[in-house]
Undergrad: 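Dropping a structure here in structure tokens format, bear with me for questions.
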Amino acid sequence: MLKKKIVLLAIMIVVTLLGVGVTVVCDKKETNQVDDTLTIVTSFYPIYIATENIVDGVKGIELVNLTQNQGGCLHDYQLTTTDMRKLENADIFIINGGGMEGFIEEILKTYPQITVIDASKGIKLLGEASEKNAHVWMNPDRYRMQLENITKGLSTANQVNEARYQKNCDTYSKKVAALSKEIKSLDASKLKNGIISFHDAFAYLADALSIPVIHSIDLDKDTYLSAGEVADVIDEVRENNVTYIFSEEQLSESSPKRVAEETGATLCIIDSLVSGDTDKDAYLTGMQKNIKMLKQVLEDE
């Protein structure tokens with residue numbers, strides 16, 4: 001009887017040890033799978049689309065956008081608890097740079113180990129010295145420089161996929177270059193007196209066309225100009241013989257429409273490409289839409 005109990009106890013110990021072993025192996029396998037995944041977080045929509053093209057088809061990549069794809073620009077954006085959770089396991093954080101992400105110091109303080117790639121590093125920004133315009137992606141040539149910055153950063157952090165990143169970048173950059181060529185072929189002499197812009201993102205597209213921007217009002221999504229501010233813009237339009245004003249489709253058209261009605265200027269709506277779906281061709285499609293609008297303006301007699 002004692003012998004049977006000893007045998008039974010031995011069997012139970014073996015089964016227990018096997019169970020523990022299987023659990024350890026499974027846990028180790030799961031940990032390895034997590035460790036093998038490179039988690040990349042982008043700050044907002046334009047950078048997400050750019051990165052999506054560069055990492056396209058690369059295995060072991062988890063690409064996450066920090067803010068909502070329909071959120072627009074990051075002016076005065078406040079990080080949420082959900083945002084911070086997305087960064088907990090992130091290996092790389094890709095930002096637009098140029099001051100767009102005012103919350104970057106908070107992220108670095110909370111997650112000092114995260115690798116940050118600044119897509120606008122080394123790119124000449126428009127705007128005053130004290131307040132730079134960070135909407136770099138609206139000029140296709142500068143956007144291509146952002147693509148190179150992202151590619152270099154990813155290649156340094158993840159050298160095993162360097163060749164694939166560069167190949168993807170080259171392929172996508174050629175498509176963007178075609179947009180740039182089409183923009184530069186437009187005759188913008190009709191706008192030689194300059195334009196008034198209700199969103200400073202258009203300054204980069206205007207720069208690509210060598211169009212002077214008389215004044216740029218950087219409105220947020222739900223911001224309206226006061227009656228006095230509208231009056232000032234109307235005066236500028238008249239003083240400079242401006243015949244076209246530009247606004248952004250995400251913004252309220254109330255103030256731009258009033259200026260257009262008071263001055264007889266034509267109101268043109270652009271897409272600043274700060275929101276949309278996750279289609280990797282979204283930038284190309286959106287910029288083609290802007291080019292089509294510009295052609296209508298410049299070719300209309």
Side-chain angles (χ1 to χ4, degrees), residues 43-50 65 67-77 96 98-102 120 125-127 131-140 142-143 146 179 183 186 188 191 194-209 211-226 229-230 232-234 236-237 242-263 265-277 279 282-298:
S43 60
F44 76 135
Y45 185 72
I47 301 303
Y48 176 88
I49 295 299
N65 197 29
T67 55
Q68 294 182 359
N69 291 339
Q70 304 294 335
C73 278
L74 300 178
H75 303 295
D76 302 317
Y77 183 82
N96 178 77
M100 179 66 73
E101 294 85 358
S120 296
L125 303 178
L126 300 178
E131 189 174 355
K132 292 297 184 182
N133 184 339
H135 301 80
V136 181
W137 65 91
M138 286 297 288
N139 181 315
R142 286 183 169 92
Y143 181 58
Q146 286 191 304
L179 292 174
I183 290 172
L186 298 175
L191 303 178
I195 56 100
I196 298 287
S197 173
F198 278 83
H199 195 288
D200 59 1
F202 187 73
Y204 279 96
L205 193 51
D207 184 60
L209 283 162
I211 300 172
V213 179
I214 302 301
H215 187 69
S216 180
I217 307 101
D218 191 18
L219 295 180
D220 288 328
K221 191 171 183 179
D222 300 315
T223 302
Y224 297 87
L225 294 181
S226 66
E229 290 171 326
V230 170
D232 289 340
V233 175
I234 290 174
E236 282 193 288
V237 171
V242 171
T243 53
Y244 290 91
I245 58 178
F246 288 78
S247 187
E248 208 276 322
E249 64 181 22
Q250 280 198 326
L251 306 180
S252 168
E253 293 184 15
S254 176
S255 297
K257 273 187 175 180
R258 182 178 172 189
V259 173
E261 290 169 357
E262 290 285 337
T263 63
T266 300
L267 176 60
C268 308
I269 306 299
I270 65 162
D271 184 354
S272 60
L273 311 177
V274 293
S275 65
D277 57 34
D279 178 9
Y283 176 87
L284 303 175
T285 302
M287 193 58 77
Q288 279 288 358
K289 178 181 175 182
N290 286 333
I291 292 173
K292 181 179 180 180
M293 180 276 297
L294 285 169
K295 284 182 176 179
Q296 291 174 344
V297 168
L298 299 174

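The first residue in the sequence is number 1, and the count goes up from there. Quick note: numbers below take in every heavy atom, side chains included, and nothing from hydrogens, waters or symmetry partners. All values reported here derive from a predicted model rather than from experimental measurement.
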Undergrad: Do the side chains of P256 and L267 get nearer than 4.5 Å, heavy atoms only?
TA: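 Yes. Closest side-chain heavy atoms under 4.5 Å.
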
Undergrad: When you look at NZ of K132, are more than 12 heavy atoms from neighbouring residues, nucleotides or ligands closer to it than 6.0 Å?
TA: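 Counting other residues, nucleotides and ligands, NZ of K132 exceeds 12 neighbours.
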
Undergrad: Would you please test M100 and F44 for side-chain contact (heavy atoms from CB on, under 4.5 Å) and show each step?
TA: CA-CA 10 Å; M100 179 66 73; F44 76 135; 4.1 Å; yes

Undergrad: Quick one: pull up CD1 in I234 and CD in E261 and give me the separation to the nearest 0.5 Å.
TA: 9.5 Å

Undergrad: Does the side chain of I291 come within less than 4.5 Å of L179's, by heavy atoms?
TA: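 A side-chain contact exists here, since the closest heavy-atom pair is under 4.5 Å.
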
Undergrad: Just jot down the side chain to side chain donor-acceptor pair (under 3.5 Å) partners of N96, sequence neighbours excluded, or say none.
TA: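 Only Q146 meet the side chain to side chain donor-acceptor pair (under 3.5 Å) criterion with N96.
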
Undergrad: Take L191 and L298 through the side-chain contact (heavy atoms from CB on, under 4.5 Å) test and state the conclusion after the steps.
TA: CA-CA 8 Å; L191 303 178; L298 299 174; 3.9 Å; yes

Undergrad: Please test Y143 against Y283 for ring pair (Phe, Tyr, Trp, His ring centres under 6.0 Å), starting from the C-alpha separation and ending with a verdict.
TA: CA-CA 10 Å; Y143 181 58; Y283 176 87; 3.9 Å; yes

Undergrad: Are L294 and L205 close enough that some pair of their side-chain heavy atoms sits under 4.5 Å apart?
TA: yes

Undergrad: Return the orientation label for the H199 and H135 ring planes: parallel under 30°, perpendicular over 60°, tilted otherwise.
TA: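 Because their plane-to-plane angle is over 60°, the rings of H199 and H135 count as perpendicular.
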
Undergrad: Decide yes or no for C268 and M293: does some side-chain heavy atom of the first lie under 4.5 Å from some side-chain heavy atom of the second?
TA: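 Yes; the side chains approach each other to less than 4.5 Å.
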
Undergrad: For Y45, does its backbone N or O pair with a side-chain atom of T67 as donor and acceptor, under 3.5 Å?
TA: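 A pair under 3.5 Å: no.
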
Undergrad: Can you list the steps and then say if I270 with S247 is a side-chain contact (heavy atoms from CB on, under 4.5 Å)?
TA: CA-CA 6 Å; I270 65 162; S247 187; over 6 Å; no

Undergrad: Which value, rounded to the nearest 0.5 Å, describes the distance between N290 atom CG and D271 atom CG?
TA: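 Rounded to the nearest 0.5 Å, the CG-CG separation comes to 5.5 Å.
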
Undergrad: Are any of the side-chain heavy atoms of T266 and Y244 separated by less than 4.5 Å?
TA: yes

Undergrad: Contact between N133 and L125 at the side-chain level, heavy atoms closer than 4.5 Å - yes or no?
TA: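 Answer no - side chains too far apart.
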
Undergrad: Please test W137 against Y48 for ring pair (Phe, Tyr, Trp, His ring centres under 6.0 Å), starting from the C-alpha separation and ending with a verdict.
TA: CA-CA 12 Å; W137 65 91; Y48 176 88; over 10 Å; no

Undergrad: If we only count heavy atoms from C-beta on, is the I183 to P140 side-chain gap below 4.5 Å?
TA: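 Result yes, sub-4.5 Å side-chain heavy-atom pair found.
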
Undergrad: Counting N and O atoms only, with roles assigned by atom type, does the side chain of E248 sit under 3.5 Å from a partner on the main chain of S272, one being a donor and the other an acceptor?
TA: yes

Undergrad: Yes or no on side-chain hydrogen bond (donor to acceptor under 3.5 Å, both in side chains) for E229 and S226, after CA distance, side-chain angles and deciding distance?
TA: CA-CA 5 Å; E229 290 171 326; S226 66; 3.3 Å; yes

Undergrad: For F246 and F202, take the angle between the two ring planes, folded into 0 to 90°, and tell me which bin it lands in: parallel under 30, tilted 30 to 60, perpendicular over 60.
TA: parallel

Undergrad: Quick one, R142 and Y204 - any side-chain contact, counting heavy atoms below 4.5 Å?
TA: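 Sidechains of Y204 and R142: in contact.
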
